[in-house]
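Structure first, commentary second.
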Amino acid sequence: MQKITAWILDVYPDETGMVIWLIDKTGRHFRTHHHWQPTLHLQVAPPDERAFAALIRQYSNHLNIKNDRKYDVFHKWQKILTIKLSSPLILDRISRQIQKNMIHSLYWQGNLDPAQMYLYENGLFCLAYCEFHLDNNNEITKIILKDDREATEFAMPPLKTINIKTAGRKTNPKHALLNDLEIEYEGQTIVLEKDEPRQMLETLDTILKNYDPDIIFSRYGDSYIFPRLDKFCQQARFPLSLNRDTGKNTSFGREHTYFTYGKIVHRAGIASLFGRLHIDQRNSFLYRESNLEGIIELARLSSIPVQKMARSSIGTAMSSMEYVVAYKNDIIIPTAKQEPEDFKSGEAHLLSDKGGLVFMPNVGFHENVSEIDFASMYPTIMVKFNISPETINCDCCPDAPTVPEIGYRICQKQKGIIPETLAPILKKRAYYKELQKKAEANNDIATYNKYYLRQNALKWILVTCFGYLGYKNARFGKIDAHESVTAYGREILLQAKDIAESEGHEFLHAIVDSLWLKHESGHHHVRHNGEFCEIRLQNLCDRISNETKIPISLEGNYKWICFVPSKMDSKIGAANRYYGCFENDTLKIRGIEARRHDTPPLINDFQLDLLAQMSKHKNVKAIQKNLPKYWQQFEDLLHNLFDGEIDVEDLVISKNLSRDPDSFAVETHTAIAAKEMLGRGMKVGAGDQVQYIITDAESEDRTSRVRCFGHMDADWAYDAKKYGELLIRSFTSLFSCFGYDDEYMLKWYKDWINKNYENLHRHKRLELSHGPKQMEGRLLPQRQN
DNA sequence: TTCAACCACTT
DNA sequence: ACCCTTGGTTGAA
């Protein structure tokens, strides 16, 4: 027998169990194997008995079935069949077959990834430090975990990394011809030339064999580099050593598009390696947000293997963390959500259907305002009030306290699966934030970054876990739990408002988890009375935190803040559109043009420039005094626009395609630009970004309304009038409360055009002062073949 | 000119 | 493989 103490690098199934790659303190790696059989649970309904018999017949040698009992999520003792499969490789097939042919039956643990299932069952995770007992065939006989996924300090193995990317272009090269490849490792860069494919493969192979990296980072490795390399290898019959496991070939997953945070995201198919990790930095939300630190943090918490974690959505990580808890508590996981929404009376529905509480702010400018924010309000509510699908209206606590307004009971006896999942995450994040602060104070940038990245990854779990509660496909989701959270949220916000008012603060505005309070008039500057204010606010926050049990803290004191009026009704504010300036002259901007990614650079820069100037003013009077100056800047820019002096790249509008170009019902600018690109042989689809210039917004001929950026040639010019309107809109967003509202501005605009550009025909195209710039990198190249 | 459907985006 | 709202545009009535 042999003992190795090492980290788990990667896990994947084979015929008889799991292949487990280890890496030790010195960076040595080992391929080991652990015999393992996956388990499913089933409760066969009478109509499905024939289908079940057929399944047993078909897989007679592969299924080991016994009668069993298990608790389900609702703590019901279920009489079930436990089915052991002979090999993890048939798990997917059998799981699908049960789901398809046995629709009346109850079925648990279906559609789980075998590697994750193995890790859940053994309480393990990738990058866990363990002691492994091996026999002479490298077969694992015992694993002793010497690590804890909830630990905030954990050791990491020494990982050798290498970077592969295409030379030159920064854009997605999926349409492009093959480019040179750049390989970076140990501080050196090697360029592999595209003209010598054989040479390219041989050099890369040598590097892989000699340097033997643990992680390959790439840009567009999933969609481009790895598929091309694979094709080359096949053509040249060259066995490239991408995989450490010599028996395996690179696996290419299916590409897919999905909806998240209100937009379609395109995810290229995963190119995953065996025994070595490939992370495509451009196909990983998590990498972009929180680097390898965040990927590893979540891989440890969720038991999702690192390569898959890198490409997973936050929702997937959240689900997997719930499964970890379920396995730990020996609770079986339903294959699909089965619990229908509880019956509700009309009235209850009306009350509970509301989301977060939002007030209507008094529009316009306010001075001497402080903002206080609840930290992670919704997840904290879930943990503090034990809100989980199975804790709502449980059978065991008929006299339990109820949720405000909607009256659901919440279980007092059993801790819910969601609170149990979230509690350690909240705790861990708070701890990381503390360490981050400490490192900042010590000017220790490396440590600061490490903890910033980790807490940021956890933040994403916390901001999405609430939405996931009500998501109809989530296995542990239930809309009632969702509603309970917002009900508590509303009550807590109102409670905070009452406390603030009782302490003599003037309530100004509140959105879900933030409150804006005004200080009594008489102190023109918070600074003037600063210290007194700080203490009063600190006391207020302490009192609210104590009474509501949700921590709240001071976000900052505003010199001035402006709540932008709604376009629908200028009397009331659009709840989430505001901008303000803190005492230290930093700005907070929400909802207005400069915050939107589809605002062209010209407009964006103009608005931000105005705001930067305004941030120097200490009160509203000073802003008002400078209005003529701002107006002049606005009018000058408008003249520039009409005189054709603006570079086209400052007018580019970028939008995400919500669907494939041909399936748009309305010919929006986005749809027109996408179709133009399609016509030029470029591959654009849902989730891709299109960039275009408005050339003639009012044209009868739809195709002339916009041009996709990159194909603007000298025959085309931008539509100054239209961009003028966008410019005006960005101006009114800032100054409508001074009388520069839409109505006034649009009338002024009409007169201004008549006066200054009366010879400008409505559809006249302007000459460009400089030809369109073809910017390297922003230009989408023609697709090959 | 009006308005419903559609689309993109933010919190 | 998430909730809903606001604001703007399109194109037919």
Side-chain angles (χ1 to χ4, degrees), chain A residues 111 254-267 285 311-319 336-337 352-360 373 377-378 460-461 463-483 485-486 489 509-514 564-570 572-579 588-599 653-659 661 663-674 686-687 689-690 692 694 697-700 702 705-706 722 725-726 728-730 732-733 742:
Chain A
N111 302 342
R254 283 228 330 264
E255 65 176 337
H256 65 161
T257 49
Y258 63 95
F259 222 72
T260 181
Y261 255 80
K263 71 173 190 181
I264 290 247
V265 176
H266 181 86
R267 191 104 306 165
F285 168 82
R311 284 87 167 171
S312 292
S313 70
I314 298 298
T316 307
M318 175 73 203
S319 305
K337 200 187 112 172
S352 63
D353 227 5
K354 289 186 291 185
L357 186 56
V358 171
F359 287 84
M360 293 300 160
D373 292 351
M377 186 197 231
Y378 283 172
W460 280 106
I461 298 283
V463 301
T464 50
C465 65
F466 163 70
Y468 223 67
L469 254 191
Y471 176 46
K472 61 183 185 305
N473 290 344
R475 298 190 201 209
F476 296 120
K478 195 166 140 178
I479 198 72
D480 312 71
H482 195 270
E483 291 163 357
V485 174
T486 54
H509 181 40
I511 306 173
V512 187
D513 56 359
S514 308
V564 179
S566 161
K567 304 255 170 179
M568 300 285 160
D569 180 352
S570 60
I572 60 167
N576 328 320
R577 281 161 58 87
Y578 62 87
Y579 60 94
K588 183 166 181 184
I589 307 168
R590 288 299 119 97
I592 61 175
E593 287 74 9
R595 289 284 290 194
R596 298 174 64 107
H597 78 74
D598 61 344
T599 303
I653 296 172
S654 302
K655 293 214 189 203
N656 292 310
L657 280 185
S658 60
R659 55 191 68 225
S663 40
F664 277 97
V666 177
E667 298 272 357
T668 59
H669 289 167
T670 314
I672 297 166
Q689 211 179 48
V690 294
Y692 62 85
I694 302 174
E698 292 169 58
S699 171
E700 298 283 316
R702 291 196 179 101
R705 287 179 189 170
V706 302
K722 185 70 189 175
E725 282 167 19
L726 299 180
I728 284 172
R729 205 175 293 149
S730 74
T732 56
S733 282
D742 277 346

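Convention: sequence-line order gives letters A, B, ...; per-chain numbering from 1.
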Heavy-atom distance under 4.5 Å between the side chains of A:Tyr692 and A:Thr670, does that happen here? yes
Non-neighbouring partners of A:Glu725 that pass side-chain hydrogen bond (donor to acceptor under 3.5 Å, both in side chains), sequence neighbours left out: none
At what distance, to the nearest 0.5 angstrom, does NE2 of A:His597 lie from CG of A:Asn656? 4.5 Å
A:Leu657 atom CG is separated from B:dC6 atom P, nearest whole Å, by 18 Å
Looking at the side chain of A:Arg590, which of B:dT11, B:dA8, B:dC7 is the nearest nucleotide? B:dT11
Within the structure, does a side-chain N or O atom of A:His669 lie under 4.0 Å from either OP1 or OP2 of B:dA8? no
Between B:dA8 (C1') and A:Phe664 (CZ): distance, integer Å: 10 Å
List, with names and distances, any nitrogen or oxygen atoms from the protein found under 3.5 Å away from nitrogen or oxygen atoms belonging to nucleotides 2-5 of chain B.
none

For A:Glu593 and B:dC9, give me the distance from atom CD to atom P, rounded to whole Å. 14 Å
Rounded to the Å, how far apart are A:Lys655 NZ and C:dG8 P? 11 Å
Which nucleotide wins on minimum distance to the side chain of A:Arg702, given the candidates B:dT10, C:dG7, C:dG11? C:dG11
Rounded distance in Å - CD (A:Glu725) to C1' (C:dT9): 12 Å
From C:dG11, B:dC7, B:dC9, nucleotide with atom closest to A:Glu667 side chain: C:dG11
Just how far, in rounded Å, is P of B:dT11 from CZ of A:Arg596? 10 Å
Do the side-chain N or O atoms of A:Arg659 get closer than 4.0 angstrom to the phosphate oxygens (OP1, OP2) of B:dC7? yes
Under the side-chain hydrogen bond (donor to acceptor under 3.5 Å, both in side chains) rule, collect the residues that match up with A:Thr599, sequence neighbours excluded. none
Taking the side chain as every heavy atom from C-beta outward, state whether A:Asp513 and A:Tyr378 have any atom pair closer than 4.5 Å. no
Under the salt bridge (Lys or Arg N to Asp or Glu O under 4.0 Å) test, residues paired with A:Arg596 that sit two or more places apart: A:Asp598
Output the single nucleotide from C:dC3, B:dA8, C:dT9 whose closest atom is nearest the side chain of A:His482. C:dC3
Contact under 4.0 Å: A:Lys722 side-chain N or O vs C:dT9 OP1/OP2: yes
Taken to the nearest whole Å, CZ/A:Arg577 to C1'/C:dG8 is 11 Å
What nucleotide, of B:dC9, C:dT9, C:dG11, holds the atom closest to the side chain of A:Arg705? C:dG11
Who are the side-chain hydrogen bond (donor to acceptor under 3.5 Å, both in side chains) partners of A:Ser663, not counting sequence neighbours? none
Once side-chain contact (heavy atoms from CB on, under 4.5 Å) is applied, do any residues pair with A:Ala317, and if so which ones, sequence neighbours excluded? A:Leu298, A:Met309, A:Met321, A:Ile461
Could you give the CH2-to-P distance, from A:Trp460 to B:dT11, as a whole number of Å? 11 Å
Determine: side-chain N/O of A:Thr316 to OP1/OP2 of C:dA1, distance under 4.0 Å, yes or no. yes
Can you figure out which of B:dC9, B:dT11, C:dT9 approaches the side chain of A:Arg595 most closely? B:dT11
